[in-house]
Amino acid sequence: MHAAVVRRTMLCDDLPAAVDARRAEAEAIAELYLSAYRGNERAALVAAIADALAELAAADQRTEAVRRQVSRGYVRGRRGRAGR
């Protein structure tokens, strides 16, 4: 399976500024988790992943709520025009 995946190793010099900034932010966050879990790499990783999944679920809920609002607004707008 690993033989099928071909990746080019990117050096920091290859990264666009935005990607480089995200990487720096990710490294800072990783250090904070590692510090919070007193150097326990596995616990820090699991906590970071759990937090990321919770944030992803919350973002999905917000997106779905906005989607429902837009859908209701669209339907209401069409009903108002049809009744005219």
Side-chain angles (χ1 to χ4, degrees):
M1 181 166 109
H2 295 289
V5 177
V6 177
R7 292 186 184 173
R8 179 181 168 273
T9 302
M10 293 185 73
L11 303 174
C12 287
D13 294 341
D14 295 338
L15 300 174
V19 174
D20 197 28
R22 276 193 302 256
R23 182 174 206 67
E25 184 179 10
E27 288 176 5
I29 292 168
E31 285 298 321
L32 290 171
Y33 273 98
L34 194 55
S35 176
Y37 286 89
R38 297 187 174 140
N40 184 334
E41 293 176 349
R42 186 178 192 290
L45 177 63
V46 170
I49 292 170
D51 288 350
L53 290 172
E55 286 295 321
L56 183 61
D60 285 345
Q61 289 175 350
R62 288 189 300 270
T63 300
E64 186 56 34
V66 168
R67 188 175 295 136
R68 283 192 306 270
Q69 289 174 347
V70 168
S71 179
R72 285 188 203 128
Y74 178 74
V75 170
R76 287 181 184 155
R78 295 199 34 105
R79 285 184 185 165
R81 289 182 191 153
R84 289 181 184 172

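What you are looking at is a predicted structure, and each value in this text was computed from that prediction instead of being measured.
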query: Between the side chain of S35 and the main-chain N/O of E31, is any donor-acceptor distance below 3.5 Å?
result: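 Answer holds: no.
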
message: Looking at R22 and E25, is there a salt bridge between them, counting it only when a charged N and a carboxylate O are closer than 4.0 Å?
response: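 The answer is no: the pair does not qualify as a salt bridge.
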
query: CG/D51 to CD1/I29 distance, rounded to the nearest 0.5 angstrom?
result: 10.0 Å

- request: For A44, check side chain to side chain contact (heavy atoms under 4.5 Å, CB included) against everything at least two apart and list the hits.
  value: Y33, L34, Y37

- request: Determine, stepwise, if the pair N40 / R42 fulfils side chain to side chain contact (heavy atoms under 4.5 Å, CB included).
  value: CA-CA 6 Å; N40 184 334; R42 186 178 192 290; 3.8 Å; yes

